[in-house]
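Naming convention: chains lettered A, B, ... in sequence-line order (proteins, then strands); numbering from 1 in each chain.
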2 protein chains.
Amino acid sequence: MSQMQNVERRLREMILGLEIGPGEKLTERWIEGRFGASRTPVRAALLRLETEGLVGRDGRGWTVSPINLAELEQIAVYREAVEVAALRLTCAHDERSALDVIEAMLDSCDENTRREEWHRVGMDFHIELARLSGNEFLFRAVRDAMTRLSRARWLEVRDEAALGRAWAEHRAILAATRLGDADEAARRLSAHIIGSRDRLVTSLANDRRGLRARGFAVVPA
Amino acid sequence: MSQMQNVERRLREMILGLEIGPGEKLTERWIEGRFGASRTPVRAALLRLETEGLVGRDGRGWTVSPINLAELEQIAVYREAVEVAALRLTCAHDERSALDVIEAMLDSCDENTRREEWHRVGMDFHIELARLSGNEFLFRAVRDAMTRLSRARWLEVRDEAALGRAWAEHRAILAATRLGDADEAARRLSAHIIGSRDRLVTSLANDRRGLRARGFAVVPA
DNA sequence: GATACCGAACTGGTATCCCAAAGTGGTATC
DNA sequence: GATACCACTTTGGGATACCAGTTCGGTATC
């Protein structure tokens with residue numbers, strides 16, 4: 001694997017894992033030293049992470065994108081459009097046995113599972129479901145949206161009750177999809193996405209003070 | 001304006017304007033010489049154009065993305081999802097006077113207008129309509145989709161009848177939106193997008209031989 | 001002590017070099 | 001004439017040197 005992809009992957013992991021706080025300044029030279037790469041791959045990584053929305057330009061410098069409540073609300077609307085469209089396509093397919101694999105992902109999480117795993121599976125559920133649509137653009141849209149939501153979702157994962165509710169909703173969506181009931185599946189998916197957003201934005205607004213204290217920039221809606 | 005943005009913009013224009021044919025090989029050194037910039041900004045431009053889908057990697061080298069019929073079909077489905085969602089948001093707004101500006105764009109095209117202008121306005125109609133939704137992600141999705149469609153749409157613009165039909169459909173969509181009739185507007189927009197796709201894919205499939213003769217790579221569905 | 005000013009240090013942007021590997025063309029061999 | 005092989009060229013990936021603009025600390029001045 002090339003240096004370029006390595007820097008990109010490792011830097012993305014640090015940002016998504018909150019090892020580098022939202023709003024923090026980044027310098028190309030710091031990344032260079034941190035990962036033992038030269039500026040060429042570092043710049044390539046920053047350019048790609050910029051298109052993913054994980055870093056941005058702050059005047060003449062680089063900044064880890066802050067958590068933006070207004071953005072989270074808009075992403076939910078976007079997700080609703082693309083995920084529902086993808087799900088309807090999947091419902092229209094004849095072959096839906098791949099749903100079993102997704103259900104197994106949900107089953108793999110129990111009380112002994114690490115929070116990181118719940119976090120990952122919660123995203124992969126939506127991403128893999130979108131992949132089943134067979135539409136590359138809907139799939140990428142969902143994957144990119146989940147990437148942008150990833151950091152904020154660490155909050156949701158801390159809430160046991162919210163996780164239980166989310167998993168139940170995931171299962172209900174799968175059940176309706178399995179039956180090919182597109183309308184019911186779409187209704188439940190919409191409700192799930194909007195519900196998640198509301199819980200997320202509420203708890204983020206409440207935790208804002210605490211997050212800022214940890215050095216995490218959170219821009220209000 | 002920095003070199004980096006210049007190279008990116010000018011190279012994008014050459015690709016979208018078919019001055020560099022779909023499927024053509026690109027070397028960083030050629031671009032370097034062509035635009036009088038060094039490799040650093042050239043590579044930055046290529047990385048960004050790659051995320052826009054205009055160039056891709058062919059083994060170790062760069063290639064102008066071919067026109068891909070399967071991709072065109074998938075984009076139409078994607079567009080339908082995001083544009084309809086955006087339009088419904090706009091219909092739900094109180095303030096819709098901005099629609100006048102869009103209508104004026106359509107009016108600015110008549111029999112004396114250059115084909116390039118029809119081409120541009122035909123895309124901007126959809127982009128500006130999506131912008132009115134106020135949702136940044138839906139807007140960007142539409143803009144990026146139109147960019148990917150841009151080269152293939154040169155064909156549609158050659159067909160006088162297709163243009164007339166498209167403009168009539170655009171006006172009907174605007175009319176329904178103005179009335180706040182979201183369902184009617186959505187129906188008409190869906191029909192327009194899918195209809196455009198069918199006409200486009202058909203004429204592309206027919207012209208494939210001619211396009212290949214001009215050196216344009218066209219990959220079938 | 002406050003402030004205006006100056007320079008050292010650091011920033012991203014750019015140019016340029018080096019490198020390993022993939023490609024290319026010619027040639028010797030059969 | 002086909003093919004295997006080798007030297008040379010060209011490629012993108014990486015590293016580094018340099019630049020202009022900005023920032024920021026310290027200092028001289030009042």
Practice task
Specify the separation, in whole Å, of atom CG of A:Asn6 and atom C1' of D:dA15.
Solution key: 17 Å

Practice task
Take A:Glu156 and A:Arg153 through the test salt bridge (Lys or Arg N to Asp or Glu O under 4.0 Å) and record every step on the way to the result.
Solution key: CA-CA 5 Å; A:Glu156 198 176 16; A:Arg153 284 191 65 257; 3.6 Å; yes

Problem - Pair assignment for D:dA2, Watson-Crick or G-U wobble, requiring both distances under 3.5 Å - result: C:dT29

Handout entry: Nearest to side-chain heavy atoms of A:Arg57, which nucleotide of C:dA15, D:dG13, C:dG13
Key = C:dG13

Practice task
Figure out the NZ/P separation between B:Lys25 and D:dG12, and round it to whole Å.
Solution key: 11 Å

Exercise for the section: Classify the side-chain pair B:Asp110/B:Thr113 by whether it contains a donor and acceptor separated by less than 3.5 Å. Expected result: yes

Handout entry: Chi angles and distances behind the side chain to side chain contact (heavy atoms under 4.5 Å, CB included) call for A:Tyr78, A:Ile193
Key = CA-CA 10 Å; A:Tyr78 177 57; A:Ile193 292 173; over 6 Å; no

Handout entry: Side chains of B:Asp144 and B:Thr147, donor plus acceptor under 3.5 Å
Key = no

Practice task
Tell whether A:Arg43 reaches the base of C:dG12 with its side chain through a donor-acceptor pair below 3.5 angstrom.
Solution key: no

Practice task
Could you tell me whether the side chain of B:Arg39 has a donor or acceptor atom within less than 3.5 Å of a complementary atom in the base of D:dG13?
Solution key: yes

Handout entry: Distance-only donor-acceptor check, side chains B:His126 and B:Arg79, under 3.5 Å
Key = yes

Problem - Spacing of B:Asp58 atom CG relative to D:dG12 atom P, expressed in whole Å - result: 11 Å

Practice task
Taking only the side-chain nitrogens and oxygens of B:Ser38, find out if one of them lies under 4.0 Å from OP1 or OP2 of C:dA15.
Solution key: yes

Handout entry: Closest to the B:Pro41 side chain, choosing from C:dG13, C:dA15, D:dA15
Key = C:dA15

Handout entry: Atom-to-atom span, CG of A:Leu47 to P of D:dG13 - whole angstrom
Key = 13 Å

Fill in the blank from the handout: To the nearest angstrom, the CD1-P distance between A:Ile31 and D:dG14 comes to 15 Å

Problem - Whole-Å gap separating C1' (D:dG13) and CD (A:Glu8) - result: 15 Å

Handout entry: B:Thr40 side chain, from C-beta outward: closest of D:dG13, C:dA15, D:dT16
Key = C:dA15

Practice task
May I ask you to say what A:Leu26 touches in the nucleic acid, namely base, sugar-phosphate or nothing, with a heavy-atom cut-off under 4.0 Å?
Solution key: sugar-phosphate

Practice task
Report the distance from atom CH2 of A:Trp62 to atom C1' of C:dC10, rounded to the nearest whole Å.
Solution key: 17 Å

Problem - First of A:Glu32 and A:Arg60 reached from the 5' end of DNA chain D, by closest nucleotide - result: A:Glu32

Completion exercise
Ranking C:dG12, C:dT14, D:dG12 by distance to the side chain of A:Glu28, first place goes to C:dG12

Handout entry: Interatomic distance where CG belongs to A:Leu46 and C1' belongs to C:dT11 [whole Å]
Key = 13 Å

